[in-house]
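Let me begin by presenting the structure, written as structure tokens, before commenting on it.
No hydrogens, no waters, no symmetry mates; every other heavy atom, side chains included, goes into these values. What you see is a predicted model, and the numbers here were worked out from it, not measured in a lab.
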Amino acid sequence: MLDKYLPRTNFNSYEDFKENYKVNIPDNFNFGYDVVDEWARVDPDKPALVWCDDHGGEEYFTFGDISNESNLIANALKTLGLSKGDAVMLILRQRYEYWHIVTALHKLGAVAIPASLQLTSKDITYRVKAADVKLLICLDNDYVIRQVNESEYTGRKIKLGSESGGWLSLDRVLDGASENFERVHTRSDDLMLMYFTSGTTGMPKMVRHTYEHPLGHIVTAKYWQKVEDGKPHMSYGDSGWAKFGWGKIYGQWICGAAVFAYDWDKFVPKLLLEKIGKYKLTTFCVPPTMYRFMLQEDLSEFDLSSVKHCCNAGEPLNPETYNRFYELTGLRLTEGFGQSESSVMIANFEWFEPRPGSMGKPSPLYDIDLIDTEGKSCPAGVEGEIIIRGFGEKHPCGLFHGYHNDPEYNARTIHGGIYYTGDVAWRDDDGYYWFVGRNDDVIKCSGYRIGPFEVESALIEHPDVVECAVTAAPDPVRGQIVKASIVLRAGATGSPELVKELQNHVKKLTAPYKYPRIIDFVDELPKTVSGKIKRKQIRDEDAGN
């Protein structure tokens, strides 16, 4: 399969990879036909999806199964009047039906809009209006059904389970549908998928991806996650978020890997570790927070012998977590960085040793640089905004095609053929990139620029700290000072003595001027529905806004 899209698949060094990696993009590439149906034609019994939940549910699907089920759904939805270009919102968490349905939507030429289970009726109203949604397909979940019913959405609604209250049943919709589906013509530059961003600094934006986008995830899957043909891979991610597209369908299936999906009710480290052994997972990718919780267990009690490669993304990796996991398992955590707007941008690839805390080096798909406030490239050791050059005529494979119906935000973030990511980093003399924070999150104190991640990373190493957010607090003398909002472990108590201890702890691990002058002990941190910390909300509250 890969040979159809990559002139070369093997490289001698990172420099060879960066210089010579190329992707052939057919004008009419469609993931549903050219990947799923093609695997079904070549090897219909090839494993595609292994699914389980916390209630004894277990399902196995081959590419032949996915091909047939997606044809049934595509025909059924076509009968309902759905056509090319229509927007369909999916609230399905990690139900196995998601893979069948989204493949069907790709075949139809419809626009898939994944959404989170945690959306409120207000969130749903905003999204269905912004994207002009024609159809909503949801879990049979009391909360979701109630939120949709209380929203202003008036279009067709389908749910898993039985019909009720104006909702069609997916099973009923599929009655009499045919497995023979006539290909709908789509172009590689047609709109295929839209993600809503997390909304940490305002209303969520709609990220536009076209049919070539899955090909950008070959780098994500093969060269960063190192998935293997026919072997099970697990990435953490609800289907409502871009991380799902990164790790649970596109690049993995192009590479012939089987996707493992664990549809848990709640993350329990012990249960996940048991699943790794039971299903013999080969490659694995979860956020650093999950590795930290897994390290609270006795890893010697679990069979991790099948795992060959581990990745992390979604938040920066604390070096302490890297070192402890490597010590206990012999597996190096390979960090990767990117956005809903892209495939993996920067990652630790196989040709160089990962450095704990570093994002790695740029993907060959993207012309990445760091620039200062004057637009000049930053030398080694100097912080700058991450940018991607080449937006437009020679568009990088995998990169988004702007924000839907938002010319003002497009003009702010994309101009002169450059995409301005809004993320700040620095690179060392060897070309490794190190994350600092979002542009808005960088703290400017007495002439110093302080990245929140470095301070958070130091705080997390203290045994009493479970979670923290570092932000800028206004100060009449210094302009801004460092503030840490901290969630303590069970049994620990916030006190002036602990404040002093934490401040001294940070001074030992970072430059002394970076220590938090304010420490606020809190029960929980404000977060978006995708779990990202709302640092802007903390800043606004401190400013009295």
Side-chain angles (χ1 to χ4, degrees), residues 200 236 267 269 285-297 299 310-329 331-337 348 354-359 423-425 434-438 441-443 450-473 482-495 497-528 530-535 538:
T200 54
Y236 166 73
F267 169 56
C285 182
V286 299
T289 298
M290 288 189 178
Y291 285 111
R292 287 197 292 269
F293 278 110
M294 290 161 66
L295 286 167
Q296 302 303 308
E297 303 291 330
L299 296 187
C310 289
C311 299
N312 63 280
E315 60 187 75
L317 174 67
N318 176 273
E320 175 68 13
T321 302
Y322 175 99
N323 292 327
R324 284 191 61 206
F325 195 80
Y326 177 59
E327 178 185 345
L328 293 171
T329 67
L331 295 165
R332 300 182 186 275
L333 298 179
T334 54
E335 187 168 352
F337 165 82
N348 285 278
R355 293 182 178 174
S358 168
M359 298 185 289
D423 285 307
V424 177
W434 303 77
F435 186 76
V436 174
R438 290 291 294 173
D441 294 336
V442 174
I443 302 160
I450 302 170
F453 167 62
E454 184 179 4
V455 184
E456 290 171 359
S457 182
L459 286 166
I460 283 290
E461 291 192 26
H462 192 282
D464 285 343
V465 177
V466 171
E467 195 173 32
C468 64
V470 168
T471 53
V482 179
K483 174 189 174 182
S485 302
I486 294 175
V487 178
L488 295 174
R489 66 170 175 81
T493 303
S495 65
E497 292 76 20
L498 183 56
V499 168
K500 193 68 175 176
E501 181 180 332
L502 290 169
Q503 289 173 331
N504 289 334
H505 175 76
V506 172
K507 289 178 183 179
K508 291 177 183 177
L509 296 177
T510 69
Y513 68 85
K514 297 181 181 181
Y515 82 92
R517 296 175 183 271
I518 300 174
I519 290 182
D520 187 13
F521 297 111
V522 298
D523 293 330
E524 61 181 3
L525 299 172
K527 295 179 180 178
T528 69
S530 67
K532 292 185 178 180
I533 296 170
K534 292 183 176 181
R535 292 181 179 82
I538 298 173

For [X] and [Y], which heavy atoms make the closest approach, and how far apart are they?
{"X": "Asp464", "Y": "Leu498", "value": "OD2-CD1, 3.8 Å"}
{"X": "Phe453", "Y": "Gly357", "value": "CE2-O, 4.5 Å"}
{"X": "Tyr322", "Y": "Arg332", "value": "OH-NH1, 3.3 Å"}
{"X": "Leu459", "Y": "Val506", "value": "CD2-CG2, 3.5 Å"}
{"X": "Ala313", "Y": "Pro288", "value": "O-CD, 3.8 Å"}
{"X": "Ser358", "Y": "Glu335", "value": "O-OE1, 3.4 Å"}

>> Counting neighbours of NZ on Lys507 that are heavy atoms of other residues, nucleotides or ligands and sit closer than 6.0 Å, is the number greater than 12?
In response: yes

> Can you tell me if CZ on Phe521 sees more than 12 non-hydrogen neighbours from other groups inside 6.0 Å?
Replying inline: yes

> Between Lys508 and Glu461, does a salt bridge (charged side-chain N to carboxylate O under 4.0 Å, His left out) hold up when you go through it step by step?
Replying inline: CA-CA 12 Å; Lys508 291 177 183 177; Glu461 291 192 26; over 6 Å; no

> Does any donor atom in the side chain of Arg324 or Tyr326 lie under 3.5 Å from an acceptor atom in the other side chain?
Replying inline: no

[Y] backbone acceptor or donor facing [X] side chain under 3.5 Å:
{"X": "Gln503", "Y": "Tyr515", "result": "no"}
{"X": "Asn348", "Y": "Cys311", "result": "no"}
{"X": "Thr334", "Y": "Cys310", "result": "yes"}

Rounded to the nearest 0.5 Å, how far apart are [atom1] of [X] and [atom2] of [Y]?
{"X": "Asn504", "Y": "Leu509", "atom1": "CG", "atom2": "CG", "value": "11.0 Å"}
{"X": "His462", "Y": "Cys468", "atom1": "NE2", "atom2": "SG", "value": "12.0 Å"}
{"X": "Tyr291", "Y": "Phe325", "atom1": "OH", "atom2": "CZ", "value": "5.5 Å"}
{"X": "Ile538", "Y": "Asp520", "atom1": "CD1", "atom2": "CG", "value": "8.5 Å"}
{"X": "Ile486", "Y": "Ile519", "atom1": "CD1", "atom2": "CD1", "value": "4.5 Å"}
{"X": "Arg535", "Y": "Leu525", "atom1": "CZ", "atom2": "CG", "value": "9.0 Å"}

> Can you check whether Val482 reaches Val470 side chain to side chain, under 4.5 Å on heavy atoms?
Replying inline: yes

> Is there side-chain contact between Val487 and Val522, with at least one heavy-atom pair below 4.5 Å?
Replying inline: yes

> Should Tyr513 and Ile450 be marked as a side chain to side chain contact (heavy atoms under 4.5 Å, CB included) after you check the CA-CA gap, both sets of side-chain angles, and the distance that decides it?
Replying inline: CA-CA 9 Å; Tyr513 68 85; Ile450 302 170; 3.9 Å; yes

